Amino acid sequence: MAWLYIALSPFVAVFIYPVIVLLAMYSAALFVNVYLHRRRQLYDAYSENFWFGATQTVAAVVDAHGEFWHGYEMLGIEKLPDAGAALLIYYHGAIPIDMYYIMARLILQKKRRLRNVAATFLFYVPGIQLLLEVFGVVEGRTREQCHEILMNGDLLAISPGGVREALFSDEYYGMIWNSRKGFAKVALAAKVPVYPVFTQNVRECIRTVKTGRGFLRKLYEWTKLPLVPLYGGFPVKMRTIIGDPIPYDPTLTCDELTETVQQEIEKLIYRYQRIPGSILAAFADRWSNTPWERPINNNHKKTN
């Protein structure tokens, strides 16, 4: 083993150490950006409440990361209510990094916590339970739990595609809902508006490997564990678009509301996303003076 360490040490020095240095520099850059732009806000937050200060601090770091690494923007945040309940339905990337940015932006700009329904396996990852609790992340085990959150006047985000859509959709941005309509039942029962949400280039940031996808799909259906390898972290341009609200309508059935929401998200994908997505083009968008956008056309092909 000693000889193995000696043989591998040059590779460690050449490849791993520069990455560590880069991460340290990147972390320091994030800190000074947060301190420069958010220090007054964070001071006020901590003087008001310890946990409020903690969430503001984490939100400031996450938001700075989004701006620094992805040139992150959020269009339509003004559409979301300053008070009262609403349901956000979003397309799920390989990793929902855009949801972290959305949650951070809402905390910083609207002083509102966005509750998010997450996969069950996350709650068994060691060391992050407190973080999930502080930010109001919940397991999506029952509709009753989601209904209670909305009845309390909170914002709630759900991705009907969930982990399945995260792992097995691709650069064509097909939506994999598998006839899930529980969110529609929750929205109708709570009598709240539904907001369609999509983030441009979310799949160009992080992707899943395609090799052995059929086997990996069967493995997921059997275990319900995210065992598909990921790659990426590319500094592509990311923009989250909040669509127009779909107001509560007692005449709508659950199936009709589900179809309406799905069509509205498909329209956002069609308008704001290159199909197929391109990592290089999304990277070039960082320096474009005109954000990429397709002219509106209601006769686009459905991406089921």
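Note that the coordinates shown come from a computational prediction; the quantities given were computed from them, not determined experimentally.
Judged purely by distance below 3.5 Å, without hydrogens or angles, the side chains of H65 and Y101 pair a donor atom with an acceptor atom. Between the side chains of Q129 and E133, not a single donor N or O lies within less than 3.5 Å of an accepting N or O. Using modelled atom types and a 3.5 Å distance limit, the side chains of Y172 and R203 yield no donor-acceptor pair. Side chain to side chain, D255 and T253 fail the donor-acceptor criterion of an N or O pair below 3.5 Å.
Atom CD1 of I158 sits about 10.5 Å away from atom CZ of R180, to the nearest 0.5 Å. Considering CG of L155 and CG of N116, their distance stands at 11.5 Å, rounded to 0.5 Å. Atom CG of L108 sits about 5.5 Å away from atom CD of Q56, to the nearest 0.5 Å.
For the pair E171/I279, no side-chain contact is recorded, criterion being any heavy-atom separation below 4.5 Å from C-beta on.
Under the side-chain contact (heavy atoms from CB on, under 4.5 Å) criterion, S159 pairs with Y90, H92, E165, not counting sequence neighbours.
The local environment of CH2 in W222 is sparse, with at most 12 non-hydrogen atoms from other residues, nucleotides or ligands closer than 6.0 Å.
Among residue pairs with one or both ends in residues 221-238, those qualifying as salt bridge (charged side-chain N to carboxylate O under 4.0 Å, His left out) are E73-K237, R164-E221, R217-E221, E221-K224; sequence neighbours excluded.
With a 6.0 Å cutoff to the six-membered ring centre and a 45° limit on the axis angle, R294 counts as a cation-pi contact of Y270.
The one candidate from I89, L268, I241 that meets the side chain to side chain contact (heavy atoms under 4.5 Å, CB included) condition with P196 is L268.
Salt-bridge annotation for K79 and D244: present, with a side-chain N of the basic residue lying under 4.0 Å from a carboxylate O of the acidic one. A salt bridge links R105 with D63: the closest approach of a Lys/Arg side-chain nitrogen to an acidic carboxylate oxygen falls below 4.0 angstrom.
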